[in-house]
Every structure is written in structure tokens, then in C-alpha cells.
Amino acid sequence: MGYVPPAGEMPELPEVETIVKGLKRMEGEKVKRVEIFDGRLKGIERLKGKVIYKIYRRGKYIIFNFNPSLSLIAHLGMTGKFSFKGEDSHIRASFKFDNKILYFVDTRRFGSLRVSREENPLPYLGLEPLSREFDARSLFEKIGKSRKRVKDFLMDQHKIAGIGNIYVNEILFRSRIHPERRVDTLSKEEVNILVRMTKDILKKAIRKGGTTIRDYKDPEGREGRFQDFLMVYGREGEPCKVCGSPIRRIKQGNRTTYFCEVCQKLERRNNVTG
DNA sequence: CCGCCAGCCTGAAGGC
DNA sequence: TGCCTTCAGGCTGGCG
């Protein structure tokens, strides 16, 4: 049987970071007109006439600051994208500026756009994995008394913000930790490795412009290149690039999990060399 | 508080 | 050929 790749991918931290880089040039621009094609996005028309002064990422969210207390909070869900090209179907909203139009496109409508007056609109979000604050000590502290399985923990946006189902599989493979391990069984060394691999993989994915399996494109329509570096995600039955044994696919919770059962042991290891 | 799970949504792909 | 089912998963809200 031929290999069938998984159906889709969601924008995670590296994709959102890449998108923000592409949107940055809109800082300083004034919204001349807002069009809404999906009733649930009602509310964003308040942005008409406002000037964007800062665009940045927090977890998987994109935040457009219009002034200190007026922001557009965007989440791309599974298939959401911002595009300067108008050829897409499933356009849900558009923002007209002086010289260009920015489209919000979202096939499955898991994405959201909302206007907020909060200074800190996403207070519950967890650690930024690429920040200095994310280190072995702070992760250990976050783990606290949690008994979550490590995969679920890393994907919990209230603990760490920005990791989704593609990168979590890659991080655990590179850390040689089984996705079903309980976080309270992780050794200090393993927590340390997790931090290092998380930063490593996310940084490299950003350098490659994210991962495109089917849907993801940046605002200029460019695809990512990190899919060529995936070690486990979407590789069920293919040989592990380290040990050669077939990559396994299981359901953990409602989510697909890929791992190598030889490289990623369930037992605790104390002397990890990476 | 914690862990777990259904449901939202749409299009692709598989089964019969 | 075509209908029907299943799958994909970020996030929210509800349950025990």
C-alpha cells in the first residue's frame, strides 16, 4: 500500500511566526474598509479607520495592536490564513488598506477574529517556548503536581503556548520520550532535554518557514519547507530515521500520535545524553 | 482543581 | 458512478 499523508495541518508557533513576519509591513497602515462574509466575525468592523501600530505573535495567536487598548486577536484554527492574494475561496473577511487588501481565509471556520479592549487579552496563555523564561526550572515548576501525559502537557496552551500536534510529536521523538509518559515521572535530565529540543525544533522550523502538508501558506502564498525534516509526524509504517523500526501511529485522547517505540521508551531514564 | 472527551466545521478519501 | 462514513485537530465547555 502506498503511503497516504495525514489530511491536514494546523498553524503552530513556527507557522504563525512566519505569518507575522509577512504581516509586519502593515504596521503604520490605516484600515480603510472592513468586509465581513461570516456572521460570527461581527465586531471587527470597529477597526475601520484605525491604524495598526504593532503586530506580534503570542502562542498561536496573532495580535494586531491598534492603540494600547484596542486589539484584533486572531487565531487561525486549523485552516485559517491571512493572504494578500484574493483568489482563495472561503474568504471570511477582508481589510482594505491604501494599497492592498488583506484577506482572512478559513475553509473550516475553526479560526477566530475578535476585537478586544483588554491590555492583556490572553492572560491564561502559558510560557513562550522561545523566551528566556522557558527553561528547565520553569518547566519543572509548571509541571508541579500534574499527572498529565507528557504529550497532552506540552500541547496544553495554558502551560506552554504554541505547540501543536505536529511539533509535539517531533519534540518527543528528538527527546526520546514516549508520548504517554506521565510528566511527574520525568527526570530532571529529561525535562532539560525537552526544553532544549523544543527550542531547537521550533527555531529550525521558523528558519524553514514552517511546515506545509496541505493547507498552510504564508500571506504571500509561499509554502513552508520543514515538512522535509519531519522524523515521525505522518510517517506511519515508514522506517525510523534513527533505528529503522517502523513508526507507529496511535490515538492518544482524540489525537493522532506518531512515535518510534524503540527510540522512545516508557521507562524513566536518568542518564540521558541526548 | 484536574483529567478527559464531545462537538464545532469542511473537504478529502475510503468503502460498498 | 455516487452516496455515506470516517478522519483531521485547536479550542471551549461540560462532566465526573
Side-chain angles (χ1 to χ4, degrees), chain A residues 1-19 37-42 57-63 73-82 88-93 104-114 116 121-126 128-129 141-172 179-186 202 205 210-217 224 227 230 232-237 247-259:
Chain A
M1 291 302 288
Y3 167 67
V4 181
E9 79 281 12
M10 76 305 311
E12 304 180 35
L13 188 151
E15 291 75 37
V16 177
E17 185 72 26
T18 305
I19 290 164
F37 309 104
D38 178 347
R40 73 182 77 182
L41 299 179
K42 217 165 155 30
R57 179 192 61 74
R58 175 80 173 96
K60 298 176 196 169
Y61 292 84
I62 302 169
I63 300 173
I73 313 299
H75 194 289
L76 301 175
M78 291 288 296
T79 54
K81 53 190 148 188
F82 281 106
D88 311 70
S89 48
H90 308 295
I91 293 171
R92 307 300 182 193
F104 177 64
V105 183
D106 187 10
T107 308
R108 274 143 119 172
R109 302 200 289 166
F110 274 29
S112 63
L113 299 179
R114 72 182 171 89
S116 171
L122 300 164
Y124 55 84
L125 277 189
E128 272 298 327
E141 205 170 285
K142 274 279 178 202
I143 289 172
K145 294 191 185 343
S146 174
R147 290 179 41 77
K148 259 185 156 61
R149 292 171 294 190
V150 63
K151 187 195 181 212
D152 298 330
F153 188 92
L154 293 175
M155 289 178 72
D156 183 342
Q157 304 300 302
H158 298 236
K159 313 278 193 206
I160 304 162
I163 300 172
N165 201 40
I166 293 178
Y167 294 105
V168 75
N169 282 292
E170 299 300 308
I171 290 164
L172 289 169
E180 291 177 310
R181 275 281 293 285
R182 304 273 163 178
V183 282
D184 56 343
T185 72
L186 293 173
L202 295 179
T211 300
T212 296
I213 290 167
R214 195 170 68 198
D215 296 312
Y216 169 71
K217 285 184 175 136
Q227 59 276 14
L230 296 175
V232 288
Y233 184 83
R235 297 191 65 244
E236 182 190 15
I247 298 301
R248 298 246 294 126
R249 182 175 82 162
I250 59 170
K251 279 282 182 187
Q252 186 173 324
N254 278 339
R255 303 295 174 244
T256 316
T257 300
Y258 297 91
F259 69 107

Could you check whether Arg249(A) gets within reach of a base, just the sugar-phosphate, or nothing at all, counting any heavy atom under 4.0 Å? sugar-phosphate
Earlier contact from the 5' end, DNA chain B, for Arg92(A) and Arg149(A): Arg149(A)
Would you say dC8(B) has OP1 or OP2 under 4.0 Å from some side-chain N or O of Arg40(A)? no
By salt bridge (Lys or Arg N to Asp or Glu O under 4.0 Å) - contacts of Arg109(A) (at least two apart): Asp38(A)
Establish, with yes or no, whether the OP1 or OP2 oxygen of dG10(C) is under 4.0 angstrom from a side-chain nitrogen or oxygen of Asn165(A). no
Would you please confirm or rule out a distance under 4.0 Å between OP1 or OP2 of dG10(C) and any side-chain N or O of Gln157(A)? no
Testing dC4(B), dC9(B), dC11(C) for proximity to the side chain of Arg109(A), the answer is dC9(B)
To the nearest Å, give me how far apart CG (Asp152(A)) and C1' (dC5(B)) are. 11 Å
Between dC4(B), dT10(B), dC9(B), spot the one nearest the side chain of Thr107(A), thanks. dT10(B)
Write down the atom of Val168(A), the atom of Asn165(A), and the distance for their closest heavy-atom approach. CG1-O, 3.6 Å
Arg249(A): partners by side-chain contact (heavy atoms from CB on, under 4.5 Å), with sequence neighbours left out: Glu236(A), Thr256(A), Tyr258(A)
Taking only the side-chain heavy atoms of Lys60(A) (C-beta and beyond), determine which of dT10(B), dC5(B), dG10(C) contains the nearest atom. dG10(C)
Between P of dG3(B) and NZ of Lys159(A), the distance in whole Å: 6 Å
Between dC11(C), dG11(B), dC4(B), which nucleotide has the shortest distance from any of its atoms to the side chain of His90(A)? dG11(B)
How far apart are the closest heavy atoms of Arg114(A) and Leu122(A), and which atoms are they? NH2-CD2, 3.8 Å
Base, sugar-phosphate alone, or nothing: which one does Tyr124(A) contact when heavy atoms must sit under 4.0 Å apart? sugar-phosphate
Rounded to whole Å, please give me the gap between CD in Gln252(A) and P in dG3(B). 13 Å
Check if the side chain of Arg255(A) and the base of dG10(C) share a donor-acceptor pair of N or O atoms closer than 3.5 Å. yes
Taking every non-hydrogen atom, the tightest pair across Thr212(A) and Gly224(A): OG1-N, 2.7 Å
Among all residues two or more places apart in sequence or in another chain, which pass the salt bridge (Lys or Arg N to Asp or Glu O under 4.0 Å) test with Asp156(A)? Lys148(A)
Remember a base hit wins even if backbone is also touched, and classify Ser112(A) as base, sugar-phosphate or nothing at under 4.0 Å, heavy atoms. nothing
Sequence-distant partners of Glu128(A), salt bridge (Lys or Arg N to Asp or Glu O under 4.0 Å), two or more places apart: Arg57(A), Arg58(A)
Using whole Å, report how far CE of Met78(A) lies from C1' of dG11(B). 12 Å
Euclidean distance, atom CG of residue Asp184(A) to atom C1' of dG3(B) [Å, nearest integer]: 13 Å
Identify which nucleotide among dT10(B), dC4(B), dC11(C) has an atom closest to any side-chain atom of Tyr61(A), counting heavy atoms from C-beta outward. dC11(C)
Length of the line joining Leu13(A):CG and dG10(C):C1', which is rounded to integer Å: 14 Å
Rounded to the nearest angstrom, tell me the gap between atom CE in Met155(A) and atom P in dC4(B). 14 Å
Taken to the nearest whole Å, CD1/Ile163(A) to P/dG10(C) is 12 Å
For Asn254(A) and for Lys148(A), find the nucleotide of DNA chain B with the closest heavy atom, then tell me which residue's nucleotide is more 5'. Lys148(A)
Residue list, ring pair (Phe, Tyr, Trp, His ring centres under 6.0 Å) with His75(A), at least two apart or on another chain: Tyr61(A)
So what does Glu12(A) touch, heavy atoms closer than 4.0 Å: a base, only the sugar-phosphate, or nothing? nothing
Using five pairs at either end of the helix from dC2(B)-dG16(C) to dC16(B)-dG2(C), determine the angle between the two local helix axes and round it to 10 degrees. 60°
